[in-house]
Amino acid sequence: MMASSYNAKEEDGHPSGASGHGGPGVVKSKKPDNTAFKQQRLPAWQPILTAGTVLPAFFVIGLIFIPIGIGLFVTSNNIKEFEIDYTGVDMDSPCYTCAKNSSWNNTTPCTCSVDFTLEQPFESNVFMYYGLSNFYQNHRRYVKSRDDSQLNGGRSALMEPSKECEPYRKTDGVPIAPCGAIANSLFNDTLELFHIDSNGSRNAIPLVKKGIAWWTDKHVKFRNPGGNNNLTLAFQGTAKPVNWRKPVYELDPSDPENNGFINEDFIVWMRTAALPTFRKLYRIIQKKSSTTPTLPSGKYTLDITYNYPVLSFDGRKRMILSTISWMGGKNPFLGIAYITVGSICFFLGVVLLIIHYKYDTRNNSADIPN
Amino acid sequence: MTWRSPLALMRDALRGQRAREKDLRNLVSNLPYEGLEKAKQPNRHFPSNAIKTTKYTLLLFIPMNLFEQFHRLANIYFVGLAILNFIPVVNAFQPEVALIPICVILSLTALKDAWEDFRRYQSDRKLNNTPCLIYSKEKQFMERRWKDVRVGDFVKVVCNEIVPADLLLLHTSDPNSVCHIETANLDGETNLKQRTVVSGLLFEPESFSGIVVCEKPNNNLNHFKCYEKPDKERAGAGIESLLLRGCTVRNTDHAVGFVVYAHETKSMLNNNGPRYKRSKLERKLNIDVIFCVILLFTMCLVGALPPYLVPDSSGHLDSPSLSGFYMFFTLIILLQILIPISLYVSIELVKIGQIFFVTNDTDLFDEETDSRIQCKALNITEDLGQIEYVFSDKTGTLTENKMVFRRCSIMGTEYPHKENIRLAVLGEPESEEEVIFDQRPQSLQTGWSLDAEDTNPRDTTQRRGSRHRSKVTGIAQSDVAFSSPLETEVIPDKKLLQQISRAESSSGSRKTDPYLDFFLALAICNTVVVSMATAQRRRSDNLRYEAESPDEAALVYAAKAYGFILLARTPDSVTVRLPSGEDLVFKVLDTLTFDSNRKRMSVLVQHPITKEYVLYTKGADYAIMELLGTPYAQHHLDCYAKEGLRTLCVTKKVVSAKVYESWSVDRQRALAAIDNKEELIMDTAVQLETNLSLLATGIEDRLQENVPDTIMALREAGIQVWVLTGDKPETAVNIGYACRLLEEEDLIALVIDGRTLTMALSPDLQERFVDLAKRCRSVLCCRVTPLQKSRVVKVIREKLKVMTLAVDGANDVNMIQAADIGIGISGQEGMQAVMASDFAISRFRHLKKLLLVHGHWCYTRLANMIIYFFYKNVQAYVNLLFWYQFFCGFSGTAMIDYWLMIFFNLFFTSAPPIMFGIMDKDVSAEVLLGVPELYRIGQGAGEYKFSTFWVSILDAFYQSLVCFFIPYLAYQDSDIDIFTFGTPLNTISLFTILLHLSIEIKAWTVVHWVIMLGSVALYFVVTLAYSAICVTCNPPSNPYWILQSQMADPMFYLICLISTVVALLPYTFHVMRNSITPSPIVQARHLDRLDHSEREQWIKEWRSF
């Protein structure tokens, strides 16, 4: 550093060619430019945060937040939601035996039925979710145990899955498709919903299984290797995940657009939940006509093919029926929060107004510091 | 190439080592050996003249630079973490991604270093390839390059060329065997210095067979010892025969010298690299970084301690303690950003920016010397805002160090020179020309006819003309050494003039009259160089005096005003023109140069007419008084001192031929000595300087402009100003009053002199002295030595634990280095202070703006920036990630894509705090200058307190809780996935961070708007682009279409809105405090909003309290 400054001086003092030590005027003055930027005099807005200057903001926030809050609260209250736990922890619950016996290796399906009553009719489209609790789908080692290239239809990744998938990468040297812990633990209960008529007959409610995944996931992120035709061939040379009962190309044999990697149940599962208690969209119950509610009030039965073991980690399984609005599912929190914050801001606005009249006028007069 | 055994090579290398290490070096001419291979060269052991200031080489740049960078602990920490990430059981990110931030930081620094090094390389190359003339076998000087110069060469330097290596002067074109050099490149002194040819040596390169014995290279610019051994007699030579590398040869057509040091030249040895000072703020910062480390460890322990068992479906489970152990490291990796990786880089950038603005301030620019403020220490700008004690020298610092001959006392009679007082008082820089102009006819009116040549008026006009020109063209190169009109214009006292003309007429040519002697002494007893009009100076004056110190110039000009004109000076003779027009050539037998121990200088001459040996001595009054037989004119001196004049005494002594002879033998021996040469020379000087008879004089050193105002302002700013001076108490007190350091009011002031100070600083009295000094309003130390000055500074700095600043205009390097900040004033005398200083200014008054405005700004900016940085790193991610761990089984999952996480810190939120640190302006310069009390904010603990740090950390904790739990509650038990949950968190975090900064920013300029809005835009553009493109690009993390889907959801905006509002709600307390008990800064900002005239009036009103 010092050396460079020394050199700089040398340069200054050294006669560079003939022009060295020319007459006065040759040397440029070192005077700094008198520009607003260099002299730090750029025009500036200098707000001072005092009661007087900010109190309008508080009133504005209050006035905007309270209506929003009320709107959110009302919307949330209008959403119909029904939730039923079918884990079968208690002795008297219908799925108790299934729960006790369920394990990944069970080959014989265990079924159980849960009856419930809807007090109020569900008017619009009803979304049917399954909910899991205490399931850490967001655990780091779980989250990364997947191979997106494989799921995107990459042929090389299909045969040589990423290391991240370990220990669900290969079984006996054969690559697993889809590999990894997430895919391996795919939720495999089957839920069916029946409406019990007044005369006691069971009417199956049609459940739509398409349109439950993100459009981008279904069409961009997830792809079958070699297109959707002849999946059996495409998946030749791969093994099914250890815990699966059937290979990936048999997830939905009825619909080639919903089979293999682009099976929507699978895609939904692969979008790992953020929190340990979560729900995932299972089916959609479409509204049929404008006159009759989608789900009229009354008695229902939920038939469960109980495959998925959760008791080992003290988990819970639920089935949720919910209508949704523009703000998603039922959640009164945001509405209440908006109303509360709006009110606080309004209150603070009033406090600031008082402070403003008591102090600010004094400050702006000429006796500032004493 | 002949083969040589390795043993021989080694022996040679060892011999070389020994030759370099020896205290004395034997050098011979290279000429007889020219053309021989290297092993036969006698001087091969000494390094060649090529310089290399670069730190790195092309091949080794990367390893060397990395090695350099890993000296910084933070870098090792981050690399360690990145390596930890490669261990599979603990890794939190993909290992490659985790390397990115540290790589970016390292490569940015490396680029900066490489660029700097390349600049050094370029300037080295330019310097090394500068042409020079070396004597070769062809019996003539051949053009070579600087890098070819070797020890033992004969080098010829022509006029205005720079000396390539340290040369022992053997021959010059000057008939008097002198060579004039300008050392401005070395020490900034622009006056010409004389160097003389080594005596007793004939210059003939071919026959130069002797051995030059010189001392080991050292960095003392003013000292050199060597002798030449032409086998028998010893011819000694000192610094007066050495041409230093980097000097410029002036006034001499050419000079030839023998290279004694190449590469190890005195100037190179003086380049000892930049000083690294650590600012107070940075020391505090490091403590807080340690707190951050503790915080980080605590958080990681919280995450690692609970023995949790999560069935992660991956099969096996580790034992709780082991997995806890792994988890600890995983969390450290995940939460590493808590230790701000970019903080140090940002601080460096901010300081560069701050220095840019400080050096570009036009108010700190001095028109006269065309110099800006120089910031030599790059990393202590913020210390300028925390100063509590200022220690100032007097001469050249408070005063101009431009002397005016004011009074003299001859034979006990006082000659007041009243006209000169007027000149000194009126001599404002702006009105200078006018005063001089007025002066001309006046001086003619007074019947000033003794000056037969009538040089004075002409001189004035020309000077005026040239000055004028220099102003118009804007060049004010300080090639005018100590010859401002003030010094040159002396209006003779009428009474004294009469005395002289009487003496002239009565004594005829027998010059024994004390009046005549006095002026002769003034003209002779100095080291002033008379330079004639020379081409490079472009001046047509007949005479120009170039003096090493301004008082010498003042005295010579005074003598000139009375008709005793110094016409020429060579090492052997002085030519003086008497008022009668007669030229006298005095033979100079010896010059005993000034040194700070003797505090006087003498010239021994032989009078051309009487043939007497006369010793004229000049020096500080107390240095002379002790050599006089009887106290004499003491009352006059006291009276001068009370007026604040610098007093000098001039004496004369006639030496008998016999005494001279014996003395000169001693002298010669002393000069040739190599060991304790100084002492011997001084002894001989002291021997002669006895029994003098006195002639006295007083000269005034004018105060610099605005000194009282500056001192007042510093005082109001809560800064204690101490003046430490070598002057007499009376002079010091007077100056103290003049610059309002002392005031008539009944406030306690402490005036202490050097001897008392020695006692006061003794260990047992130190405490009480400091205690006393603390209570005094002002402290004035007089008659103190440079060493004492530095001790005072050290004692105060250590005992009171305060920030100290030392200002000096001359050579008090000790004091400057003892203080936290050393400021040099590039004044008139030496430039050593400037060289050793951290900041160099050209006027004392610049200190006011430098401290009150730039100090305040730099400090508040940097302090706020650092606090904000800690806040930002704690708030963003670290805590969000930490809270998330409670919901993902402390597994170290991040809810945001790694790349976006890295971008967040590196790009989205890095520019605003840097801009904030460089450009924020809490209060305008006008108000800061008008209300110096605002400076007190930075003193002591300042704004960056321990509590401030923790308040900001708490605030960050609160904000992170809000930013995490509002989205958490809103998305609870929904089908939200990890990244979709993370995106609003990320966005809220960004908005909170930027809005938090927006509230902190005090002045919004265009730049602020652009950077703030740009950061937001960049976030959305980059994130949107990234999530649109990256389908499988960053497995296993997959942000595809996340932000897009979120931005299509109204909930996203609602959540962002409320979280941001709630996060910033605590600022209401801030607002209330601003209204109820506004801090001085807030009050000042209110003041800032008033319009100019109103503000002025307000400040004035408030001042009158």
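Only a predicted model underlies this, so the values are computations on that prediction, with no experimental measurement involved. Chain A is the first sequence line, chain B the second, and so forth, proteins listed ahead of strands; every chain is numbered from 1. Heavy atoms only: backbone and side chains are in, while hydrogens, waters and symmetry mates are out.
The main-chain N or O of A:A274 is found under 3.5 Å from a side-chain atom of A:N138 such that the two form a donor-acceptor pair. Of the possible polar contacts, one joining the B:Q885 side chain to the B:T893 backbone as a donor-acceptor pair under 3.5 Å is found. Not a single donor-acceptor pair under 3.5 Å links the side chain of B:S1075 to the backbone N or O of A:Y359.
Heavy-atom distances place no part of A:S145 under 4.5 Å from chain B, backbone and side chain included. The contact between B:R372 and chain A is made entirely by side chain atoms (from C-beta outward), counting heavy-atom distances below 4.5 Å. Using a 4.5 Å cut-off between heavy atoms, B:K921 contacts chain A through both its backbone and its side chain. Heavy atoms of A:I320 lying under 4.5 Å from chain B are absent altogether. Looking at A:V268, there are no atoms closer than 4.5 Å to chain B (heavy atoms on both sides), in backbone or side chain. Only the side chain of B:L1065 comes within contact range of chain A, judged by heavy atoms closer than 4.5 Å. Contact of B:F365 with chain A is made through the side chain alone, with heavy-atom distances under 4.5 Å. In this structure, chain B has no heavy atom under 4.5 Å from any part of A:L55. Contacts of B:F356 with chain A are made by side-chain atoms alone, with heavy-atom separations under 4.5 Å and no backbone atom involved. Using a 4.5 Å cut-off between heavy atoms, A:Q40 touches chain B through backbone and side chain atoms alike. Interface remark: B:S974 contributes backbone atoms only to the contact with chain A (heavy atom separation under 4.5 Å). Neither the backbone nor the side chain of B:D366 comes within contact range of chain A; no heavy atom of the residue lies under 4.5 Å from a heavy atom of that chain.
If you tally non-hydrogen atom pairs under 4.5 Å between each of B:R119, B:R1073, B:M895, B:R1089 and chain A, the highest count goes to B:R1089. Your options are B:T1005, B:D975, B:N360, and the one with the most heavy-atom pairs under 4.5 Å with chain A is B:N360. Between chain A and the options B:T359, B:I1001, B:D973, B:D1049, heavy-atom pairs under 4.5 Å are most frequent for B:D973. Note: A:L275 leads A:N34, A:L275, A:T277 in heavy-atom pairs under 4.5 Å with chain B. Among A:K144, A:K221, A:K330, the residue with the largest count of heavy-atom pairs under 4.5 Å with chain B is A:K221. Annotation: maximal heavy-atom pairing with chain A below 4.5 Å, among B:T330, B:D977, B:D363, occurs at B:D977. Here A:V220 is the residue among A:N152, A:L151, A:V220 with the most heavy-atom pairs under 4.5 Å with chain B. Taking chain B as the reference chain and counting heavy-atom pairs below 4.5 Å, the highest number among A:G342, A:G329, A:G328, A:P276 is found for A:P276. Ranked by non-hydrogen atom pairs under 4.5 Å with chain B, the options A:T272, A:N243, A:D217, A:I182 are led by A:T272. The greatest number of non-hydrogen atom pairs below 4.5 Å with chain A, out of B:Q1044, B:M919, B:E1094, B:M1072, is found for B:M1072. Options B:I976, B:L969, B:V1031 differ in how many heavy-atom pairs under 4.5 Å they form with chain A, and the most are formed by B:L969.
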Please lay out, stage by stage, how B:E367 and A:K31 fare under the test salt bridge (charged side-chain N to carboxylate O under 4.0 Å, His left out). CA-CA 8 Å; B:E367 298 270 357; A:K31 184 166 180 164; 2.9 Å; yes

With side chain to side chain donor-acceptor pair (under 3.5 Å) as the criterion, how do A:S185 and A:Y142 come out once you've worked through the C-alpha distance, each side chain's angles and the decisive distance to 0.1 Å? CA-CA 10 Å; A:S185 59; A:Y142 182 84; 2.6 Å; yes

Tell me, with the steps shown, if B:N1038 and A:D148 meet side chain to side chain donor-acceptor pair (under 3.5 Å). CA-CA 8 Å; B:N1038 199 323; A:D148 280 329; 3.0 Å; yes

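Judged by distance alone, the side chains of A:H219 and A:W215 do bring a donor and an acceptor atom under 3.5 Å apart. The closest side-chain donor-acceptor pair between B:S924 and B:D1088 falls under 3.5 angstrom. B:T248 and B:E161 are not linked by any side-chain donor-acceptor pair at a separation below 3.5 angstrom, with hydrogens and angles left out of the test.
Ring pair B:Y1040/B:F979: centre-to-centre distance not below 6.0 Å.
Heavy-atom minimum distance, A:I61 versus A:C345: CG2-SG, 3.5 Å.
Side-chain contact check for A:Y129 versus A:Y282: every heavy-atom pair is 4.5 Å or farther apart. Proximity of B:P1050 to A:W326: side-chain heavy atoms (C-beta onward) are separated by under 4.5 Å at one or more points.
Residue A:L352 is tested with A:F58, A:F347, A:Y357 for a side-chain contact (heavy atoms from CB on, under 4.5 Å); the sole match is A:F58.
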